[in-house]
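Written below as structure tokens is the structure these notes are about.
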Amino acid sequence: MESSEIYHIKQQFVLGAFKSLLNVPLPDVNSPDYNAALLYKARSHIALNDPKAALKLIPEDSENVALKAVASLARYVATTDSAAKDAALEELRDLSVEIEDEAEGTEREKALVRVLAGTAFARAGEVEEALETLGTETEDLEAVAVIVQVYLSINRPDLAKRQFERSKRWAEDDLLLQLIESNIGLATGKDGYSNSQSFYTEQLANPSMTSPHLLTARGVTRLLRNEIQEAKSDLEEALHQNKDDAETLAVIVVAGGLGAFKKNETEEYWSQLSSAHPEHPLVVDVNQKAEAFDELLTKFSVPPPISV
């Protein structure tokens, strides 16, 4: 059973309060909570797009399979070199095989390896490998959360709902389970997004759990409910808390297209997003469409004027 300290850190991680989590000092290296706290801190650095800080935390000679997996994920996120990315993915594949040996790590550590490997595979676009690694019949709620995100990313909310309904049979009324339900509601528009908005608002009422992630999520909900000015307020506060957050910048760009921000402001935010986060899905999608447009344009020739 986890200690109250690790329980609180886990809640912060689930809700995206990464900066608050990083301010919590690590327990003594001999404490039974040390590795768990270290893992959450390293993962928080990765979530804040600072994988190098995560790598500095993890001992290079660690034999802990979960710490090895976090280091591999950090290396994957840190590099733009395709060969280095492939090498990090191979490390995670090897670890996923290694944990099949009962002697390697605790069940919690093995489950975390699958979550981290599945996350990397999903980021790499290897959807089938991600789902196979995570295991669609898993009873690890973190793995279910990633599976749901994968299904939502490929526009399969029906499969995401199936995972949620399956999880309710064995998971307690966990905060992560509520977050999963809210994410599905955000993607499907169930009940006019009311459940999602209520969940985010409730969590934001706790000062130790508030985060740009929650503010951005509620901002998205408010945009979908056509509450443009309220959404703008949430997004501005989220950006104030973390000026380089990729998701916040992406939502602000979308909100700008809906009239929440002036055109020149929106263009500045787009420039910031595209330069700081060139691999963000929105940036990749827009760039691909721009390239396709330019290619079609070269094939188009203006017909000569018709003489009368």
Side-chain angles (χ1 to χ4, degrees), residues 1-15 21 24 26-47 54 57-59 61-76 88-123 126 128-151 160 162-180:
M1 185 175 179
E2 63 192 8
S3 68
S4 59
E5 290 79 7
I6 293 300
Y7 175 81
H8 182 69
I9 288 173
K10 181 175 76 173
Q11 303 297 78
Q12 288 181 311
F13 183 82
V14 165
L15 294 176
L21 190 162
V24 177
L26 278 169
D28 184 82
V29 69
N30 295 316
S31 166
D33 289 342
Y34 181 77
N35 275 351
L38 183 62
L39 285 162
Y40 280 120
K41 278 185 173 287
R43 295 171 71 190
S44 295
H45 279 302
I46 295 172
L57 276 178
I58 302 167
D61 59 349
S62 175
E63 291 300 317
N64 182 290
V65 287
L67 287 171
K68 286 181 179 180
V70 172
S72 295
L73 178 60
R75 282 190 284 272
Y76 175 82
L89 292 177
E90 280 303 314
E91 291 171 1
L92 288 164
R93 290 186 182 103
D94 291 342
L95 285 169
S96 298
V97 173
E98 186 178 324
I99 59 173
E100 297 305 318
D101 182 349
E102 292 185 5
E104 292 296 336
T106 65
E107 289 305 312
R108 175 61 196 140
E109 289 166 350
K110 291 178 181 181
L112 186 52
V113 169
R114 296 185 184 98
V115 166
L116 296 165
T119 299
F121 299 149
R123 289 183 64 136
E126 302 292 344
E128 290 185 10
E129 187 174 13
L131 294 173
E132 182 180 350
T133 301
L134 292 161
T136 53
E137 296 301 317
T138 181
E139 292 193 3
D140 178 71
L141 201 53
E142 262 203 270
V144 172
V146 180
I147 291 168
V148 165
Q149 289 298 320
V150 170
Y151 281 143
R162 191 179 303 171
Q163 282 290 323
F164 172 68
E165 294 298 331
R166 184 182 67 80
S167 301
K168 287 198 298 183
R169 295 197 292 267
W170 50 264
E172 299 176 4
D173 187 21
D174 190 279
L175 182 67
L176 182 53
L177 190 64
Q178 296 175 48
L179 180 61
I180 291 169

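- From Gln149, atom CD reaches atom CG of Leu134 across 12.0 Å, with rounding to the nearest 0.5 Å.
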### Task
Report the C-alpha separation of Lys110 and Glu107 in whole Å, then their side-chain angles, then the decisive distance to 0.1 Å, and conclude whether the salt bridge (charged side-chain N to carboxylate O under 4.0 Å, His left out) test is met.
CA-CA 5 Å; Lys110 291 178 181 181; Glu107 289 305 312; 3.8 Å; yes
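- Evaluation of the salt bridge (Lys or Arg N to Asp or Glu O under 4.0 Å) test over residues 26-44, restricted to residues two or more places apart or in two chains, returns Arg43-Glu142.
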#### Entry: Stepwise side-chain contact (heavy atoms from CB on, under 4.5 Å) test for Val144 and Phe164
CA-CA 8 Å; Val144 172; Phe164 172 68; over 6 Å; no
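- In summary, Glu165 and Arg162 do not engage in a salt bridge, as defined by a charged side-chain N under 4.0 Å from a carboxylate O.
- Remark: Ala36 engages Ile6 in a side-chain contact (heavy atoms from CB on, under 4.5 Å) (not counting sequence neighbours).
- Under the side-chain hydrogen bond (donor to acceptor under 3.5 Å, both in side chains) criterion, Asn35 pairs with no residue at all, not counting sequence neighbours.
- The only option from Val14, Val148, Leu141 that meets the side-chain contact (heavy atoms from CB on, under 4.5 Å) definition with Leu179 turns out to be Val14.
- Atom OH of residue Tyr151 and atom OG1 of residue Thr136 lie 5.0 Å apart, to the nearest 0.5 angstrom.
- Take Gln11 and apply the side-chain contact (heavy atoms from CB on, under 4.5 Å) test, not counting sequence neighbours, and it matches Tyr7, Leu175, Met209.
- Separating the OG atom in Ser3 from the NE2 atom in His8 is a distance of 11.5 Å, to the nearest 0.5 Å.
- Of all heavy-atom pairs spanning Ala66 and Leu112, the tightest one is CB-CD2, 4.0 Å.
- The side-chain contact (heavy atoms from CB on, under 4.5 Å) with Ile58 is formed by just one residue from the set Leu67, Asn64, Leu39; it is Leu67.
- By the side-chain hydrogen bond (donor to acceptor under 3.5 Å, both in side chains) test, Glu137 is found to be paired with no residue, residues two or more places apart in sequence or in another chain being considered.
- When the ring-ring contact (aromatic ring centres under 6.0 Å, His included) test is applied to Tyr40, the partners found at least two apart in sequence or on another chain are Phe13.
- Take Arg166 and apply the salt bridge (Lys or Arg N to Asp or Glu O under 4.0 Å) test, not counting sequence neighbours, and it matches no residue.
- Residues passing the side-chain hydrogen bond (donor to acceptor under 3.5 Å, both in side chains) test with Tyr34, sequence neighbours excluded: none.
- For Glu63, the salt bridge (Lys or Arg N to Asp or Glu O under 4.0 Å) test picks out Lys68, with sequence neighbours left out.
- Within the 4.5 Å cutoff, side-chain heavy atoms of Gln12 are placed close to those of Val24.
- The minimum heavy-atom distance linking Leu21 with Ser44 is given by the pair CD1-OG, 3.5 Å.
- Minimum heavy-atom separation, Thr106 to Glu109: N-OE1, 3.0 Å.
- When the side-chain hydrogen bond (donor to acceptor under 3.5 Å, both in side chains) test is applied to Ser72, the partners found at least two apart in sequence or on another chain are Glu91.
- The salt bridge (Lys or Arg N to Asp or Glu O under 4.0 Å) check on Glu139 picks up nothing, with sequence neighbours excluded.
- By the neighbour-count criterion of 12 heavy atoms within 6.0 Å, atom CZ of Arg123 is sparsely surrounded, having that number or fewer from other residues, nucleotides or ligands.
- Atom CG in Asp94 sits 12.0 Å away from atom CD1 in Ile99 (nearest 0.5 Å).
- Separating the CG atom in Leu92 from the CD atom in Glu98 is a distance of 11.5 Å, to the nearest 0.5 Å.
- The two residues Val65 and Gly105 come nearest to each other via the heavy atoms CG2-CA, 4.3 Å.
- Not a single side-chain contact (heavy atoms from CB on, under 4.5 Å) links Glu132 to another residue, sequence neighbours left out.
- Note that CZ of Arg114 is 7.5 Å distant from OG1 of Thr138, once rounded to the nearest 0.5 Å.
- Scanning all heavy atoms of the two residues, the minimum distance from Leu177 to Ala171 falls at CD2-CB, 4.3 Å.
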